[in-house]
Amino acid sequence: MSAPAREFQIPEPVYLGLAGLGAAAKRGLGDPALAELVMVRASQLNHCAFCLDMHLSAARKGGESQERLDLLAAWEEAGDAFTERERAALALTEAVTVLTDGFVPDAVYESAAAHFTEAQLAHLIAAITVINSWNRLMVARRTAPGETAWHS
């Protein structure tokens, strides 16, 4: 049984600010399919059902295969299902999302830096930061998948 949603609304300036930042980060990354993989992976780690529902749907609409989406939670063990560039982005997503050691390990950052330009890397980190913010807002609110009345 799921817990009842909390009734607070995400204020419009917060909603619009995060939406704008997310759109800018995705544009700057320049790889919509990879952006959705990052959104899904962070949302898996943060247990955000609302964002998982949204970004899995967007990934499928963008042409992502169901097989790769099924393997995303175990991407490190998925053989060649993901490219080296995608694997570097997913490792960075996990490092930024979890921050187990309180920082992003140098090896993870350096691997990502080897696959992205400086600008793309900055946009990737911004995209990871934005989805983590959305995840935390939606998890704190207990927003159910598909819910539409969550912002003012």
Side-chain angles (χ1 to χ4, degrees), residues 5-65 68-69 71-76 82-152:
R6 295 179 175 140
E7 297 301 318
F8 74 87
Q9 300 289 294
I10 308 299
E12 185 175 15
V14 173
Y15 164 72
L16 293 175
L18 280 175
L21 181 58
K26 287 180 182 181
R27 270 193 315 277
L29 178 58
D31 187 339
L34 179 59
E36 290 305 329
L37 289 175
V38 165
M39 301 300 140
V40 171
R41 186 64 189 127
S43 299
Q44 288 172 333
L45 293 167
N46 289 322
H47 307 279
C48 184
F50 178 87
C51 293
L52 274 168
D53 181 59
M54 175 188 297
H55 292 288
L56 284 167
S57 177
R60 286 186 202 98
K61 286 179 186 169
E64 189 57 70
S65 75
R68 283 173 29 106
L69 293 173
L71 292 171
L72 188 55
W75 64 269
E76 289 178 293
F82 300 95
T83 67
E84 287 301 315
R85 185 173 190 262
E86 290 168 335
R87 294 167 70 79
L90 294 169
L92 185 62
T93 300
E94 291 184 2
V96 172
T97 298
V98 178
L99 290 175
T100 302
D101 296 320
F103 57 88
V104 174
D106 291 341
V108 172
Y109 182 87
E110 290 164 7
S111 176
H115 293 279
F116 298 92
T117 67
E118 186 176 324
Q120 288 171 326
L121 185 58
H123 284 92
L124 174 59
I125 293 169
I128 296 165
T129 302
V130 171
I131 191 58
N132 274 283
S133 295
W134 279 120
N135 290 165
R136 283 156 175 75
L137 281 168
M138 295 307 183
V139 168
R141 194 179 174 282
R142 293 186 174 153
T143 309
E147 184 179 333
T148 59
W150 51 267
H151 65 86
S152 57

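Bear in mind that the values here come from a model prediction, so they are computed numbers and not experimental data.
Scanning all heavy atoms of the two residues, the minimum distance from Ile128 to Ile131 falls at O-CG2, 3.2 Å. In this structure, Leu29 and His123 approach most closely via the heavy-atom pair N-CB, 3.5 Å. When all heavy atoms are compared, the tightest approach of Ala89 to Phe116 is CB-CZ, 3.9 Å. The two atoms that bring Leu121 and Leu92 nearest to each other are CD1-CD2, 3.7 Å, heavy atoms only. Across all their heavy atoms, Ala95 and Val108 have their closest contact at CB-CG1, 3.9 Å. Taking every heavy atom of both residues into account, Met138 and Cys48 meet most closely at CB-SG, 3.7 Å.
For residues 41-50, the pairs satisfying salt bridge (charged side-chain N to carboxylate O under 4.0 Å, His left out) are Arg41-Glu94, with sequence neighbours left out. Residue pairs meeting the side chain to side chain donor-acceptor pair (under 3.5 Å) criterion with at least one partner in residues 10-26, sequence neighbours excluded, are Lys26-Glu36. Within the structure, side chain to side chain donor-acceptor pair (under 3.5 Å) contacts touching residues 110-119 (residues at least two apart or in different chains) are Thr117-Gln120. Residue pairs meeting the salt bridge (charged side-chain N to carboxylate O under 4.0 Å, His left out) criterion with at least one member in residues 42-64, sequence neighbours excluded: Glu64-Arg68.
Residues satisfying the side-chain contact (heavy atoms from CB on, under 4.5 Å) test with Ala126, not counting sequence neighbours, are Ala25. Here Ala49 pairs with Pro145 under the side-chain contact (heavy atoms from CB on, under 4.5 Å) rule; sequence neighbours left out. Scored by the side chain to side chain donor-acceptor pair (under 3.5 Å) test, Ser43 finds Asn135 as partners (sequence neighbours excluded). Taking Ala122 as the reference, nothing meets the side-chain contact (heavy atoms from CB on, under 4.5 Å) condition, with sequence neighbours excluded. Shown here are the side chain to side chain donor-acceptor pair (under 3.5 Å) partners of Asp31, two or more places apart in sequence or in another chain: Arg85. Residues meeting the side-chain contact (heavy atoms from CB on, under 4.5 Å) test with Val14, sequence neighbours left out: Ile10, Pro11, Leu18, Leu137. Taking Phe50 as the reference, Trp150 meet the ring-ring contact (aromatic ring centres under 6.0 Å, His included) condition, with sequence neighbours excluded. Contacts of Arg87 classified as side chain to side chain donor-acceptor pair (under 3.5 Å), with partners at least two apart in sequence or in another chain: none.
The distance from atom CG of Leu69 to atom CD of Gln44, rounded to the nearest 0.5 Å, is 8.5 Å. We find the CG-SG distance between Asn46 and Cys51 to be 8.5 Å, quoted to the nearest 0.5 Å. In this structure, Met39 CE and Leu34 CG are separated by 9.0 Å, a value rounded to the nearest 0.5 Å. Of the inter-residue distances, the one linking Phe82 atom CZ with Leu37 atom CG reads 6.0 Å to the nearest 0.5 angstrom. The CG atom of Leu21 sits 12.5 Å away from atom CG of Leu16, with the distance rounded to the nearest 0.5 Å. Going from atom CG of Leu90 over to atom CG of Leu72 covers 5.5 Å, rounded to the nearest 0.5 Å.
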